[in-house]
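Take a look at the structure set out below.
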Amino acid sequence: LPNRFQHLKDDEILSSEYRFRHKNGEWRWLNSREIVFQRDAKGKPLQILGSVTDISDRKQIELAFKQSEERYRSVITAMAEGIVLQQANGEITTCNTSAESILGLSREEILCRTSIDLNGKTIDEDGSPFPGEKHPAMVTLRTGEPQSNIIMGIQKPDQSLTWISINSQPLIHPGENQPYAVVTSFTDITARKQAEIALQSLSNRLQHLLTSSPAVIYSCQAQGNYEVTYISENVKTVFGLDAETLLNNPPKVWKSRIHPEDLTRISNAMPTLLQQGEMAIEYRFLHTDQTYHWIYDQAKILKNEQGELIEIIGYLIDISDRKRSELALKHQKEVLQ
């Protein structure tokens, strides 16, 4: 007898479940139950008594229950989100009330549709059409892979645009690779998208303002060599230098363009900035046109809640015209005297 019966005790039942191919070609689930019926003088099993029962119907019920449990667990987990269940052909067979509210459709209008039915009513983040085949649910049904945080804009019946973030999860039978259905959840992120668009618009306006402004905005480290960490792009227009030249090189590149007679005065002004929190100074800076331009430099110290230095921020303005006017006025006064 097989080894699996060698250690079986009297009255102990060995039970197992397995699939067996019926003569009609169908795989049926069977349950076998076996006990030792006869032993030799040494207690070694000689015969066993067993029974085999077809449990295919029970297995189908268990599988259906498991599927139902998976579905409702997904719905419960995402009750605040829109939820739809789609079969392997993409057809929507159930949805929750949040889905109706977010999509602006009734349950009857949602059921029996597919993601492909939305063609022409959905857009990508860049404004281009979002084809139904690209919908996360359809991708999951094709690949068996879940999709996460896919952003899509959908036009509601009232012509308003709603932005949603979509997640999809495949439902797969044990031992199989291809999904028999997919659960899709989605959240209304319209408010967030509108805020992002407004912020981007503001950023663009600020960038335009900085580009066209005569004031060069900068920030630098508040300790060590005071290395420049940011400088606005209009430094090219004002001083002839690329921002990368000042950001990707050590501070000595900046200092090398300051007039030698002004270096000591700048160094002496730094303690004032660190002690008082702000500073204003004028000095000469070598422009790429190989002439010295007068600069007005005003800076402030930024601190965190603990009073620790974070960085220095400030702005630079070319005041060469003003300086020439002051020099001309001074010369005129001297002549009149």
Side-chain angles (χ1 to χ4, degrees), residues 198-337:
L199 183 60
Q200 183 60 50
S201 176
L202 176 60
S203 177
N204 292 339
R205 291 199 297 270
L206 287 175
Q207 186 62 38
H208 175 71
L209 178 62
L210 288 176
T211 301
S212 59
S213 172
V216 176
I217 309 299
Y218 71 90
S219 66
C220 63
Q221 295 176 345
Q223 298 175 346
N225 293 325
Y226 307 107
E227 184 173 347
V228 177
T229 55
Y230 168 80
I231 193 161
S232 54
E233 294 291 337
N234 60 335
V235 69
K236 175 71 173 179
T237 304
V238 179
F239 300 124
L241 290 171
D242 291 323
E244 291 77 9
T245 301
L246 300 173
L247 289 173
N248 299 327
N249 288 284
K252 65 181 182 180
V253 174
W254 178 271
K255 292 181 180 179
S256 68
R257 306 188 77 89
I258 296 175
H259 197 288
E261 296 178 3
D262 298 334
L263 283 172
T264 300
R265 188 156 46 84
I266 292 176
S267 298
N268 293 338
M270 290 308 296
T272 301
L273 174 61
L274 297 176
Q275 292 172 9
Q276 300 182 6
E278 58 183 324
M279 172 200 74
I281 190 172
E282 297 176 359
Y283 53 87
R284 287 162 288 181
F285 185 84
L286 184 62
H287 195 280
T288 51
D289 64 9
Q290 300 307 308
T291 64
Y292 278 102
H293 289 223
W294 276 97
I295 295 176
Y296 175 80
D297 185 347
Q298 183 167 336
K300 289 188 176 183
I301 289 286
L302 286 184
K303 298 181 180 181
N304 59 22
E305 295 179 353
Q306 289 73 40
E308 300 169 331
L309 302 184
I310 300 177
E311 63 180 345
I312 299 171
I313 61 170
Y315 66 90
L316 311 168
I317 298 178
D318 188 329
I319 58 170
S320 300
D321 290 341
R322 194 196 80 191
K323 280 292 187 179
R324 282 191 288 268
S325 297
E326 291 177 353
L327 183 60
L329 181 59
K330 180 180 179 181
H331 178 69
Q332 184 179 14
K333 288 182 178 180
E334 291 175 351
V335 171
L336 292 176
Q337 291 176 352

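Computation of the quantities below employed the complete heavy-atom set of this structure, encompassing side-chain atoms and omitting hydrogens, waters and symmetry-equivalent molecules. The chain is numbered in sequence order, starting from 1.
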Inset, instruction - For Phe239, enumerate each residue passing the ring-ring contact (aromatic ring centres under 6.0 Å, His included) test, keeping only those at least two apart in sequence or located in another chain. - result: Phe285

Inset, instruction - Locate the shortest heavy-atom distance separating Ala243 from Ile231; write the atom from each residue and the value. - result: CB-CG2, 3.7 Å

Legend entry - Non-neighbouring partners of Thr288 that pass side chain to side chain donor-acceptor pair (under 3.5 Å), sequence neighbours left out: none

Could you go through residues 309-318 and list every donor-acceptor pair under 3.5 Å that involves a side-chain atom there, pairing it with any protein atom two or more places apart or in another chain?
{"from": "Tyr315", "atom 1": "OH", "to": "Gln298", "atom 2": "OE1", "distance (Å)": "3.1"}
{"from": "Asp318", "atom 1": "OD1", "to": "Ser320", "atom 2": "N", "distance (Å)": "2.9"}
{"from": "Asp318", "atom 1": "OD1", "to": "Ser320", "atom 2": "OG", "distance (Å)": "2.7"}
{"from": "Asp318", "atom 1": "OD2", "to": "His293", "atom 2": "ND1", "distance (Å)": "2.7"}

Inset, instruction - Mind checking the NZ-CG spacing from Lys255 to Leu263? Nearest 0.5 Å is all I need. - result: 8.0 Å

Legend entry - Donor-acceptor contact present, side-chain Thr229 to main-chain Ser219, <3.5 Å: yes

Legend entry - Over all atoms of both residues, closest heavy-atom pair of Ala215 and Ser232: O-OG, 4.3 Å

Inset, instruction - Just grab all the salt bridge (Lys or Arg N to Asp or Glu O under 4.0 Å) pairs involving residues 274-300, residues at least two apart or on different chains. - result: Glu261-Arg284, Asp262-Arg284, Glu282-Arg322, Glu282-Lys323

Legend entry - Those residues that, when tested against Tyr296, pass ring-ring contact (aromatic ring centres under 6.0 Å, His included) (two or more places apart): none

Inset, instruction - Identify, with sequence neighbours excluded, every residue that meets side chain to side chain donor-acceptor pair (under 3.5 Å) alongside Asp321. - result: Arg324

Legend entry - Minimum-distance pair of heavy atoms, taken over all atoms of Arg257 and Leu241: CD-CD1, 3.8 Å

Legend entry - Counterpart residues, side chain to side chain donor-acceptor pair (under 3.5 Å), relative to Gln275 (two or more places apart): none

Inset, instruction - Could I get the full list of side chain to side chain contact (heavy atoms under 4.5 Å, CB included) partners for Gln306, not counting sequence neighbours? - result: Asn304, Glu308

Legend entry - Sequence-distant partners of Gln276, side chain to side chain contact (heavy atoms under 4.5 Å, CB included), two or more places apart: Thr272

Inset, instruction - Working to the nearest 0.5 Å, report the span between CZ of Arg265 and CD1 of Ile258. - result: 10.0 Å

